[in-house]
2 protein chains.
Amino acid sequence: MSPRTRRTSIADVARRAGVSVGTVSNVLNRPDRVSPTTRERVEAAIAELSFVRNGSARQLRAGRITTVGAIVLDISNPFFTDVTRGIEERLTADDYTLMVASSDREPEREARYLRLFEEHGVRGVMVVPTGESIDHLLAVRERGIGVVLLDHPSPVDSVSSVAVDDVLGGALATRHLLDQGHTRIAFLNGTHSIRQCADRLEGARRALADAGRDPDAALVEVTVPLDANGGETGIRALLEADDRPTAVFCVNDLVALGALRTLRRAGVSVPDDVALVGYDDVTFAAELATPLTSVRQPRHELGARAADMMLRGTDAPAEHVVFKPELVVRESSTTRAP
Amino acid sequence: MSPRTRRTSIADVARRAGVSVGTVSNVLNRPDRVSPTTRERVEAAIAELSFVRNGSARQLRAGRITTVGAIVLDISNPFFTDVTRGIEERLTADDYTLMVASSDREPEREARYLRLFEEHGVRGVMVVPTGESIDHLLAVRERGIGVVLLDHPSPVDSVSSVAVDDVLGGALATRHLLDQGHTRIAFLNGTHSIRQCADRLEGARRALADAGRDPDAALVEVTVPLDANGGETGIRALLEADDRPTAVFCVNDLVALGALRTLRRAGVSVPDDVALVGYDDVTFAAELATPLTSVRQPRHELGARAADMMLRGTDAPAEHVVFKPELVVRESSTTRAP
DNA sequence: CTGAAAGCGCTAACAT
DNA sequence: ATGTTAGCGCTTTCAG
């Protein structure tokens, strides 16, 4: 019971079974190298002492390990939980284990978890970078640890990456809104240091330009936190402004959820007064009070593919995959016939 | 670049800086014990070699560690992500780190992660048990590792636990439905080996009995997977049956989401034809096509409290907290005036 | 098939 | 203030 007691070690087991530590190690790692009788005796000792092998010592000696780490931006966002599941399923198939951490979009937290993973000798890390530079990840790779960029196109050829074309996604959403006749569009977005946000903005502006509009005039960007409360804040700001936009594009569905809620409370009808488009097409998007138009990303596949690259190992040539997003049109953006 | 190269060690740093390994270890762990000039030199060497200390060796030697593990039933369920956030916030305040794993309600996976955590020498584990027995957790505790039962009342006094009264929650939901005049209630539930499911059923039956009804006759239980697809399956089964219930209680909001979707597609109006109640009161519950009546649990606090107990250490007396759930009534269960 | 022994990289006495 | 050194528990030659 006392936590002060030394953990029982392989030596204790050896003593109890009347064999050497080498033999115990063998029944643990190469049971076939050991005679059935000795093995039984050792296994009995292990059970009696309820021995659990010390992973640190094992790893220190053996070096190798079958754990990989993943650092996502926000573990409470359903988009990332689904990506994570994709990773985990692929990894489990190869008997690898996943450790997940959330950077909360803070580079310091990303760095901290990265160091923690590296100190614990993970085989590799899959990370959604928080900042513009990936130098720190290149450094990790230099030290022989696999790196796969998650939901982020690689700026260098040597690092594998899986991404979804966010510029296209932003354009898809915006073009749709233009097609519906909107000329002034609000964009509830996160800070541009987050690549996804910068790219979706870029796409929106491009769609506007392609349609012959002036992006600076037609697009009203509001920077908000990337959750439901952010959507609430953003809409409040818009409602106070004069010259209110007739359409709102939200950088993710959580923000859209908050936007929808706030518009409803303010008595603004969606889509009649304001059209709304989200991003990610999370499970609940279709079931909201007003079913939400959204940009769908292959989140499960994104994770699975990344895990796949990770398992290929550091020797395999780097790969770069960019998936295409897809617009799913629902009621929140389609004005009823006049 | 080559992954085959030995990781650079504290000895390499010492050599480069022209000091002993002890000194390097000191600048790493007790910088004040070392003169500013030497410290600078060592820090320079660390930077030049981009040295990252080997956590396994460190831990093997030092024993202590500031990592704790959490094993939840289903990481894609918003309920558990919020519990996890609560844990993490509390832990971060004390500079502890959290490793999260999802058992997917499979005892084998729970056992596997438990072993993994133990092998890696975590300070403690917080787990939502998958099975009826917690003997394996008691064994872990015997070995000096902290154990806190998460979302599960402890069957023994010696193990700390945080829980929410699920019997009460089930009763709250059911009584509400009875108050609305329903006499035949369907319960889309998971398998009874999951404690939460068994308890909520127990609560439902108790509420029925208290109201003078025969639980066996008044309650139609349908066992489904605990996600949106489960809700879909469950409702399909109910729609095919004759003598269709007029109210449906779902064991969680994900199931309720699927139920709502399926009812709508089948042209069944909620709440006019069928009343619906969920469980967890996740963020989107209030924003659904039909705002969902649900049983709210203090998920963030649940996690924070558990983390708190964990940090108290193995020596502190065990604590047992049971939170009370709360019914949040919305449109999905309140029949409009006739 | 089994045992003895050499480290893996680090921390924490203990010396100097 | 800095250096020296003995292990932490395990895996893995190498002998027997």
Side-chain angles (χ1 to χ4, degrees), chain A residues 4-43 45-46 49-66 115-116 118-122 143-144, chain B residues 3-43 45-46 49-66 115-116 118-122 143-145:
Chain A
R4 292 289 115 244
T5 319
R6 217 174 75 318
R7 276 169 73 169
T8 99
S9 81
I10 213 174
D12 301 322
V13 176
R15 206 170 310 123
R16 174 79 154 234
V19 298
S20 75
V21 295
T23 302
V24 177
S25 176
N26 275 336
V27 347
L28 252 24
N29 302 305
R30 278 118 30 165
D32 42 298
R33 284 228 201 318
V34 175
S35 82
T37 35
T38 339
R39 194 195 319 164
E40 249 171 56
R41 205 139 37 87
V42 171
E43 276 161 357
I46 289 178
L49 300 172
S50 67
F51 163 76
V52 176
R53 75 145 126 10
N54 182 324
S56 305
R58 171 186 170 75
Q59 191 186 322
L60 174 59
R61 183 60 235 234
R64 68 185 138 65
I65 191 181
T66 54
R115 188 170 37 69
L116 190 81
E118 187 172 356
E119 286 184 358
H120 279 47
V122 295
R143 285 176 230 124
Chain B
R4 291 292 116 242
T5 320
R6 218 173 75 319
R7 277 170 71 169
T8 98
S9 81
I10 214 176
D12 300 322
V13 176
R15 206 170 309 124
R16 173 80 154 235
V19 299
S20 75
V21 293
T23 303
V24 177
S25 176
N26 275 337
V27 350
L28 252 24
N29 303 306
R30 278 113 34 161
D32 43 297
R33 284 228 199 321
V34 76
S35 83
T37 35
T38 346
R39 195 195 319 164
E40 248 172 57
R41 206 141 35 87
V42 171
E43 275 161 358
I46 288 178
L49 299 172
S50 68
F51 163 75
V52 176
R53 77 146 126 7
N54 183 326
S56 305
R58 171 185 170 75
Q59 190 187 323
L60 174 59
R61 180 60 234 233
R64 69 183 137 67
I65 190 183
T66 54
R115 188 170 38 70
L116 191 81
E118 187 173 357
E119 287 187 359
H120 279 50
V122 295
R143 285 175 230 125
I145 294 166

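Numbered from 1 within each chain, the chains take letters A, B, ... in sequence-line order.
Within the structure, the salt bridge (charged side-chain N to carboxylate O under 4.0 Å, His left out) test picks out no pair touching residues 25-37 of chain B (sequence neighbours left out). Each salt bridge (charged side-chain N to carboxylate O under 4.0 Å, His left out) pair with one or both residues in residues 19-29 of chain B, not counting sequence neighbours, would appear here, but there are none.
Spacing between atom CD1 of Ile46(B) and atom P of dC10(C) amounts to 10 Å, rounded to whole angstrom units.
For Gln59(B) (side chain) and Gly55(A) (main-chain N/O), no donor-acceptor pair under 3.5 Å exists by modelled atom type. In this structure, Arg39(B) contributes its side chain and Val27(B) its backbone to no donor-acceptor pair below 3.5 Å.
Checked against salt bridge (Lys or Arg N to Asp or Glu O under 4.0 Å), Arg16(A) has the following partners two or more places apart in sequence or in another chain: Glu48(A). Residues meeting the side chain to side chain contact (heavy atoms under 4.5 Å, CB included) test with Ser50(A), sequence neighbours left out: Arg143(B). For the side-chain hydrogen bond (donor to acceptor under 3.5 Å, both in side chains) test, residues two or more places apart in sequence or in another chain that qualify with Ser35(B) are Thr37(B), Thr38(B). Annotation: side-chain hydrogen bond (donor to acceptor under 3.5 Å, both in side chains) contacts of Ser9(A) (sequence neighbours excluded): none. The side chain to side chain contact (heavy atoms under 4.5 Å, CB included) test applied to Glu119(A) returns Arg115(A), Val52(B), Arg53(B), not counting sequence neighbours. When the side-chain hydrogen bond (donor to acceptor under 3.5 Å, both in side chains) test is applied to Thr8(B), no partner is found at least two apart in sequence or on another chain.
Two residues are said to be in side-chain contact when any heavy atoms from C-beta on lie closer than 4.5 Å; Thr23(A) and Arg41(A) fail this criterion. In this structure, the side chains of Ile10(A) and Leu28(A) come closer than 4.5 Å at one or more pairs of heavy atoms.
A heavy atom lying under 4.0 Å from DNA chain D marks the following residues of residues 30-39 of chain B, by number: Arg33(B), Val34(B), Ser35(B), Thr38(B). The stretch residues 12-27 of chain B comes close to DNA chain C through Gly22(B), Ser25(B), each having a heavy atom under 4.0 Å from the strand.
In the helix from dC1(C)-dG16(D) to dT16(C)-dA1(D), the rotation axis of the first five pairs and that of the last five pairs differ in direction by 40°, rounded to 10 degrees.
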Please write out the pairs of protein N or O atoms and N or O atoms of nucleotides 7-9 of chain C separated by less than 3.5 Å, giving the distance to one decimal.
{"unit_1": "dG7(C)", "atom_1": "N2", "unit_2": "Arg61(A)", "atom_2": "NH1", "d": "3.1"}
{"unit_1": "dG7(C)", "atom_1": "N3", "unit_2": "Arg61(A)", "atom_2": "NH1", "d": "3.3"}
{"unit_1": "dG9(C)", "atom_1": "N2", "unit_2": "Ala57(B)", "atom_2": "O", "d": "3.3"}

